[in-house]
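A short write-up of the structure that comes next.
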Amino acid sequence: MPIVLPVRVSMAAAGGRVVPRPAHKKHPLPKAESIEVSGVRRAFTHGAAQHLPDADTRLTAERLTERGVVDLRGLERVAPNLTIQSINGTASTNFYLRGIGFNDFTQNNMGPVLAYFDDVPFAYSTMSSGLMFDMADVTVTPGPVGTQHGQSDSGGEIRLRTNDPTDSFHYGASQDIASYARSRSEAYVSGPIADGLSFRLAGQTRHGGGWQTDPLNGDHLGDADEWALRGKLRWQPGSRTTIMLSGHVVQDNSEVVGAVPIHRLIGGAALPTVGWQQSEWSARPEFTRLIGRKDGLKPSEHNWFWGWDLNMRHDFGPVTLTSISAFETEREGEYTDQDATVAAQADTYRTVNANAFTQELRLSNSHPDDRLQWVIGAFYQRTRMNQRFFFDYTDYVPARGYLQATSFGMDQESTSEFGHVSYRLPKHVTIFGGLLHEIDDRSITGLQSEIFGRSVTNFHAESTAAAQFAGQIGVSWQAARNVLLYYKMSKGFKPGGFTANNTQLQAQLAPFRPETVLTYELGLKSDPIPNRLRINAAAFYNDFHNQQILGTVLIPNYGPLSQLTNAPKSESWGFEGTLDIHPFRHLFLTQNLGWQRGNFQDFPTVNRARTNAYYAKTGVWRAINDNFSGVDNGQPKLTLNGQADWRQALSPRYGLEFGPDWSYRGAQALTPGGTGFYRLPPYFLLGAHMTLRPSNEHWQATIYATNILDRHYYTSGGQATTVYMYIPGAPRFIGGRISCGF
């Protein structure tokens, strides 16, 4: 196992880069101690990043494997103040970071938090489904971004980096088998093709794992059925030039997680009695024929994703030019039974055909030791989308009682220019700043709502445009060799967009406005006892104008519908921290803590809870308007996650690692001011793992358990026509994983 060398860190730029330089090589430790040395390396990673003024959470591939993070949703278990929720149990997700985010069911808008794979931003989160394999590392960046690279955003970004081709031949595989016949398989091969030319091919498959049944007939629900491939080709014609061509494809026919009805909003029928691991669903033959699927369809995905990107980098000497071109495609077919009953009251099938092209050009100085660090660049994005939603309301009588379809197109185009500079002053002080200008145009076209056998309604197109500046200024001080203090102010900007869910009135297509946020952040990074104690912390305050949020609109004689809107004024504040402790030889502890609060200062909208209550009492739909000034924004106030590892050398050749992991999430309101069933309850989860590995790390074998206490908890929820429903979380899983790499 390799011995880790000490490094000297040259402070290149606050908000810029730090370049570690190997110090003199120490004598190797005895071979019997190699397991323990590896333990130190794994516990205190990203040493150079301790000199960067940010609150990023940096996660190695090893940490992701230890915690069983195999998809985007799992990242909320290893980062503070991060919430990633599935939409109705599907592959589509919504992101919230430091309380910034919104619930976009139709996924036709760019979220306040973006996911990147290998420097390529994914405008629509569903496009990133199925790509978390053969990972190198992940970085979660909170706060406004866009002055140094990529797409601007108001809430932050999640940068995922996959493994690159290698100059020597390597190959490996892993197999994970767990409860409910769940199987996850991965494999890769990497190496040279010719002088300066190398490749990497990696793939994964997932099957089984469904833990829900239908109480009416015992049918099984939730099995995964997915495969994915990724290929990379790297050409280095010289020491100054790197050209990387990557491509990927994902097919996902997995079943989704069914909902649990919590409360009957409309009608007098009693809710079905279901067990914790049960959910009802139905797909009427008339509905499956309409959508072109087979009878007996279960809630499931039928998705294809593919794309490519070309990353070119050339060092001209004083400056380095980087170009990143990418094209991503989404073909989605998704069936959900949103009322989670056998009645056809909210059965939904949607198809999405979308693509996105992005181009980034970036010029930066080539010498990280210079006092002055700078980067300038431009970013372009063009997206096209067509969606069609089918709804089965046949059993929702007398209010509807029909089949319906809504279709629309979306066109979007944006350009931005950005720049960032930093300068290292005497006394270990660095000042930095950045500026961004973005122009965004988008439109929704051809929206049609058809009630089969009754009527067809066509809506005229709507468009919106925005041009805004954003930026950042700050200062950092390397107060001691292992202590960094920083302060920065950032203005974030996110364009407006459209609500396109079950449109009934032209007014529903009125665009919501752009969102801006001014963020103040004060941070500390410290290693007071190197390789023994690390303390990182940051406090923040967000001042929002026109925060984009999911509100409610009431359609006369139809009912309340969700609509993305703006809260004219709101605020949030909080802190987050990471504590790494290596108190003695064998024990390693990591604890993440996130705490945030937020209030709407001015937010007039329909009070969904009071409106539903009025209808239940009178049988009449009447909008009960309210201003949620002073009301909490509803995001979980406290998030905790961490793990403890005991690392023991069993012999000169083998080591054992074992320990628990845990996570806690506070309550989350699903609608402004939500209480009772409008609020997800808090939950605590406990897991554990034990891993045996040789000193050469050619293989490792792990047994693990998640949700050891078999807690009953919910991960998201919302209203589905006649009921309020929750999406339950997974029960206890016990599994084993073996992997090898040569």
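Keep in mind that the numbers below use all heavy atoms, side chains included, and drop hydrogens, waters and symmetry copies.
- Under the ring pair (Phe, Tyr, Trp, His ring centres under 6.0 Å) criterion, His207 pairs with no residue, sequence neighbours left out.
- Residues passing the side chain to side chain donor-acceptor pair (under 3.5 Å) test with Arg184: none are found, sequence neighbours excluded.
- For Asn81, the side chain to side chain donor-acceptor pair (under 3.5 Å) partners are Glu576, not counting sequence neighbours.
- Glu330 pairs by the salt bridge (charged side-chain N to carboxylate O under 4.0 Å, His left out) definition with nothing, not counting sequence neighbours.
- The ring pair (Phe, Tyr, Trp, His ring centres under 6.0 Å) search around Trp699 returns none, not counting sequence neighbours.
- Proximity of Leu64 to Leu75: side-chain heavy atoms (C-beta onward) are separated by under 4.5 Å at one or more points.
- At a cut-off of 3.5 Å, with distance as the only test, a side-chain donor of Tyr180 or Gln277 sits close to an acceptor on the other residue.
- Ser179 places a side-chain N or O within donor-acceptor distance of the main-chain N or O of Ile734, the cut-off being under 3.5 Å.
- Using modelled atom types and a 3.5 Å distance limit, the side chains of Thr93 and Arg73 yield no donor-acceptor pair.
- For the 3.5 Å distance criterion, the side chains of Asn542 and Ser572 qualify, holding a donor opposite an acceptor.
- Partners of Trp646 by side chain to side chain donor-acceptor pair (under 3.5 Å), not counting sequence neighbours, listed by chain and number: Gln648.
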* Evaluate the criterion salt bridge (Lys or Arg N to Asp or Glu O under 4.0 Å) for residue pair Arg284 and Asp395; output intermediate values, then yes/no. => CA-CA 11 Å; Arg284 299 169 58 251; Asp395 294 332; 5.2 Å; no
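- Partners of Ser716 by side chain to side chain donor-acceptor pair (under 3.5 Å), not counting sequence neighbours: none found.
- A perpendicular orientation is assigned to the rings of Tyr393 and Tyr396, their planes being inclined by more than 60° (bins at 30° and 60°).
- Judged by distance alone, the side chain of Gln204 and the main-chain N or O of Gly130 form a donor-acceptor pair under 3.5 Å.
- For the pair Asn612/Leu265, a side-chain contact is recorded, criterion being any heavy-atom separation below 4.5 Å from C-beta on.
- Between Met132 and Asp71, the shortest heavy-atom distance links the atoms SD-C, 3.3 Å.
- Contacts classified as side chain to side chain donor-acceptor pair (under 3.5 Å) and involving residues 667-676 (residues at least two apart or in different chains) are given here: Gln85-Gln668.
- Annotation: side chain of Val69 is not in contact with side chain of Met135 (no heavy-atom distance under 4.5 Å).
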* Asked: Does the pair Gln175 and Ser185 meet the rule for a side-chain hydrogen bond (donor to acceptor under 3.5 Å, both in side chains), with working shown?
  -> CA-CA 5 Å; Gln175 177 63 54; Ser185 307; 2.5 Å; yes
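- Residues Ala340 and Ala259 approach most closely at CB-O, 3.2 Å, considering heavy atoms.
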* Carefully, step by step, assess Gln251 and Asp225 under the rule side-chain hydrogen bond (donor to acceptor under 3.5 Å, both in side chains). => CA-CA 8 Å; Gln251 184 185 41; Asp225 182 8; over 6 Å; no
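- In this structure, a donor-acceptor pair under 3.5 Å is absent between the side chains of Ser300 and Arg293.
- Checking each of Thr60, Val78, Asp645, Thr691 against Glu66 for a side-chain contact (heavy atoms from CB on, under 4.5 Å) leaves exactly one that passes, namely Asp645.
- Closest heavy-atom contact between Gly258 and Pro728: O-CD, 3.3 Å.
- Within the 4.5 Å cutoff, the side chain of Tyr335 has no heavy atoms near those of the Thr288 side chain.
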* Start with the C-alpha distance between Gln338 and Thr348, add both sets of side-chain angles, then the distance that settles side-chain hydrogen bond (donor to acceptor under 3.5 Å, both in side chains), and finish with yes or no. => CA-CA 7 Å; Gln338 295 176 25; Thr348 305; 3.1 Å; yes
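- No side-chain donor-acceptor contact under 3.5 Å links Gln212 and Ser279.
- Residues meeting the ring pair (Phe, Tyr, Trp, His ring centres under 6.0 Å) test with Tyr683, sequence neighbours left out: Tyr713.
- A donor-acceptor pair is defined here as one N or O able to donate and one able to accept, closer than 3.5 Å; no such pair exists between the side chain of Asp339 and the backbone of Val723.
- Residues Asn599 and Asp632 are in side-chain contact: their nearest non-hydrogen atoms beyond the backbone lie under 4.5 Å apart.
- Between Asn88 and Ser86, the side chains place no donor N or O within less than 3.5 Å of an acceptor N or O (distance only, hydrogens not considered).
- Residues passing the ring pair (Phe, Tyr, Trp, His ring centres under 6.0 Å) test with Tyr724, sequence neighbours excluded: Phe677, Tyr678.
- Side-chain contact between Met725 and Ile262 is absent, with no heavy-atom pair separated by less than 4.5 Å.
- No close placement of the Phe305 and Phe122 rings is indicated, their centers lying 6.0 Å or farther apart.
- Taking the ring axis of Phe133 as reference, the NZ or CZ atom of Arg230 stays within 45° of it and closer than 6.0 Å to the ring centre.
- Partners of Arg732 by salt bridge (charged side-chain N to carboxylate O under 4.0 Å, His left out), not counting sequence neighbours: none found.
- Without hydrogens or angle criteria, Asp134 side chain to Ala202 main chain gives no donor-acceptor distance under 3.5 Å.
- For the atom pair Glu334 CD and Ser92 OG, the distance stands at 5.0 Å (nearest 0.5 Å).
- Looking at residues two or more places apart in sequence or on another chain, you find no salt bridge (charged side-chain N to carboxylate O under 4.0 Å, His left out) involving Arg679.
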